[in-house]
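A quick write-up on the structure given underneath.
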Amino acid sequence: MALGNEQNERIAVTVITGFLGSGKTTLLNALLAHKDMGNTAVLINEFGEIGLDHLLVQEVSEDVMLLNSGCICCSVRGDLINGLRDLFVRRVRGEVAAFDRVVIETTGLADPAPILHTLMTDPLLTNKFRLDSVVATVDGVYGNGQLDDHMESVKQAAVADRILITKADLATEETLMTLEDRLHKLNPAAPRYRVPMGQVEPEKLFNAGLYNPESKSLDVQKWLREEAYSDNHDHDHSHEHEHEHEHEHEHEHAHDDDHHHDHSHDEHDHHHAHHHDVNRHDDHISSFCLTFDEPLHWDAFVTWAEIFTQMRGENLLRIKGILNLVGEECPVAIHAVQHIFHPPATLPAWPDDDHRSKLVFITRDLGPEVIRQSLLQLNAAIAETSDTNTHHQA
Ligand SMILES: Nc1nc2c(ncn2[C@@H]2O[C@H](COP(=O)(O)OP(=O)(O)OP(=O)(O)O)[C@@H](O)[C@H]2O)c(=O)[nH]1
C-alpha cells in the first residue's frame, strides 16, 4: 500500500490567537492575499453577536464560515466541531474548493487551550484534521500592558509555535525590545517576527513541525528548539542568555518549589530595570528544557503524564519532547497542551548523535525540579520492578 494514501491525509489546521485588536484579522487578510494560500479555508470565532471580521475577510467568502455563538472558551466544542465538519462535508460535496489547510481565528479573549484540546481529541476532527501550528499575534504597542493585565494574553503567547509582533511601525524600539525580551522568556522556542500590517511569508507560520504522521516528517531541531532554552543564538542579547542559562541551571538543581520564576525575575532585574513590575502574570510562567541521559521507561513516562496532567494539568501549558525509551531504537515524539497529550509518534530515526531524551515545558507556577525528580523517581521504580521481573524469570 502506498504511503500517503489520499484518504488518510488529514487537513492541516493553524490556529491564530492573540489579544483583542492585536492584528489577527489584518494578518488573516494579508495571508489570504498571498499566492501560496489558495487552498485555505477560514473559520472565525467572534465574540458577540455581530461577526464583523467575517465581512473583513476578503476573497474567500465561499469558504468562510462564521462561528458566531460567542466566546470560544465557553462554547468552542460544538461550534468548532460543527464548523469544521460542515466545511469538510462541503469540500467532499464539491461545494467549496478542495482546501488543504484551515486557518481558525479565535476571539481575542480566548484561552487557546480548549480549542487546541478539541482539535487534538475530538474523534470527528482528529480523523480529518491535524493541528499544524498555533500562531499568536502580540500588539507591539499595547502588548506589554496586555501581558500585565490579562492572563489570556500570556497564555496565548506561551502556547504559540510562532509569535508575530504587530504594529511595530507604531511602537518605539524600546517598547518592542522590552516586549521581545518578555516574550522570549515566556516562550523561548517560538520564533518571533515583527510583522507590519500582517505581511509575513505564510511558510513561516505553517508546518511548525508538530509531527505529521502522513509525511512522517518532524524536524526535531526546529520543532524542539531546545537550544533556545540554554544558549540561544537567535536572540540579540547574548549576555542575558548566559544569565538565563545560569539561573535555569541553578533552578533545576537548587529549587524544588513552584515559584522559581519569581526568583528569576528578581535576578533579572539588573538587566531589565525598565520592566520591573510586581505580580505580573508572566512571572508565573516558566519555560525550560529537561534532558535525561539514561533511557526512560515508557510506563514511567505515561504514569508521570497521567499523574501530572490530572493533578497539575492547568499548570502545564505546553510540553514537547523526544524520548529515548528503554527497548526502543528510535525516538518517540510527544506533545501536549495542558491535560491533553497527542498520541505519541515513533520517529524513523534519531536526528543526530545526541540520543538523550529532551522535554521542553511551558508551565504556570510549576518548576523544573519537581518535574525532573518525579519523572526520575517513577523511572527508577519501574526500572526496579522490571529488573526484579527479569530476575525472577531468569
Ligand atoms: N499601523 C499598524 N496598524 C495595524 C497593524 N496590524 C493591525 N493594525 C491595525 O490594528 C487594528 C486592529 O487590527 P485587527 O486585525 O482588527 O485586530 P484583531 O486582532 O483581529 O482584533 P479583534 O478581532 O477585535 O480581536 C486595525 O485598525 C488594524 O488596521 C500594523 O502592523 N500596523
Side-chain angles (χ1 to χ4, degrees), residues 14-34 37 40-61 63-76 79-80 83 102-116 133-180 183 190-202 204-205:
T14 291
V15 174
I16 299 181
T17 183
F19 205 67
L20 287 175
S22 60
K24 298 178 292 298
T25 306
T26 306
L27 170 70
L28 198 52
N29 274 320
L31 282 175
L32 292 173
H34 197 281
M37 294 289 291
T40 304
V42 177
L43 283 171
I44 299 171
N45 176 268
E46 267 298 296
F47 184 68
E49 290 290 308
I50 305 161
L52 186 61
D53 281 349
H54 179 226
L55 306 174
L56 299 177
V57 176
Q58 293 146 6
E59 290 174 17
V60 285
S61 51
D63 292 348
V64 171
M65 222 171 283
L66 189 59
L67 307 176
N68 206 6
S69 66
C71 173
I72 218 163
C73 34
C74 14
S75 61
V76 59
D79 269 353
L80 182 66
V102 177
V103 176
I104 299 174
E105 180 189 340
T106 70
T107 128
L109 288 175
D111 172 353
I115 199 169
L116 303 180
S133 57
V134 181
V135 175
T137 52
V138 180
D139 194 308
V141 179
Y142 298 117
N144 280 307
Q146 289 163 350
L147 291 168
D148 285 341
D149 296 341
H150 302 283
M151 191 63 199
E152 294 85 0
S153 113
V154 173
K155 276 180 141 186
Q156 289 164 350
V159 302
D161 297 298
R162 304 282 182 267
I163 296 178
L164 305 185
I165 296 164
T166 60
K167 309 184 191 174
D169 52 316
L170 302 178
T172 64
E173 189 58 26
E174 197 193 350
T175 306
L176 292 168
M177 300 265 285
T178 305
L179 182 61
E180 282 168 354
L183 292 168
R192 288 183 306 275
Y193 304 103
R194 291 186 189 180
V195 169
M197 295 305 287
Q199 296 299 325
V200 60
E201 288 295 306
K204 289 193 168 141
L205 310 187

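As the structure lists them, so they are numbered: ligands from 1, and atoms in each ligand from 1. Treat the numbers as computed from the prediction; the structure is a model and nothing was measured. Residue indices begin at 1 and follow the sequence shown.
Side chains of Leu183 and Ile165 form a contact here, defined as non-hydrogen atoms less than 4.5 Å apart. Using a 4.5 Å heavy-atom cutoff, the side chains of Asp139 and Asn144 are not in contact. Residues Gln146 and Glu152 form no side-chain contact, since every pair of their non-hydrogen atoms from C-beta on lies 4.5 Å or further apart. Two residues are said to be in side-chain contact when any heavy atoms from C-beta on lie closer than 4.5 Å; Glu105 and Val42 fail this criterion. Taking 4.5 Å as the limit, every side-chain heavy atom of Ile16 sits out of range of all side-chain heavy atoms of Thr106. When side chains are defined from C-beta on, Leu205 counts as touching Val200, because their heavy atoms get closer than 4.5 Å. Contact annotation: the side chain of Leu43 approaches that of Val102 to within less than 4.5 Å [non-hydrogen atoms, C-beta and beyond].
Considering Thr166, Ile163, Leu164 as possible partners of Val138, the one that fulfils the side-chain contact (heavy atoms from CB on, under 4.5 Å) test is Ile163.
Contacts with ligand 1 closer than 4.0 Å are made by heavy atoms of both the backbone and the side chain of Thr25. With a heavy-atom cut-off of 4.0 Å, Leu170 touches ligand 1 through its side chain alone.
Residue Gly23 has at least one nitrogen or oxygen atom sitting less than 3.5 Å from a nitrogen or oxygen atom of ligand 1, judged on distance alone. At a 3.5 angstrom cut-off on N or O pairs, Thr166 does not count as close to ligand 1. Checked by distance only, ligand 1 and Met197 come closer than 3.5 Å through their nitrogen or oxygen atoms.
Using a 4.0 Å cut-off to heavy atoms of Pro196, the atoms of ligand 1 that qualify are 31 (O). Listed by number with element, the atoms of ligand 1 under 4.0 angstrom from any heavy atom of Glu105 are 20 (O), 23 (O). Distances below 4.0 Å separate heavy atoms of Leu20 from the following atoms of ligand 1: 25 (O).
Heavy atoms of Ser22 approach ligand 1 to within less than 4.0 angstrom. Using a 4.0 angstrom heavy-atom cutoff, Val195 counts as in contact with ligand 1.
Nearest-heavy-atom check against atom 12 (C) of ligand 1 across Gly21, Gly140, Gly18, Ala168 picks out Gly21.
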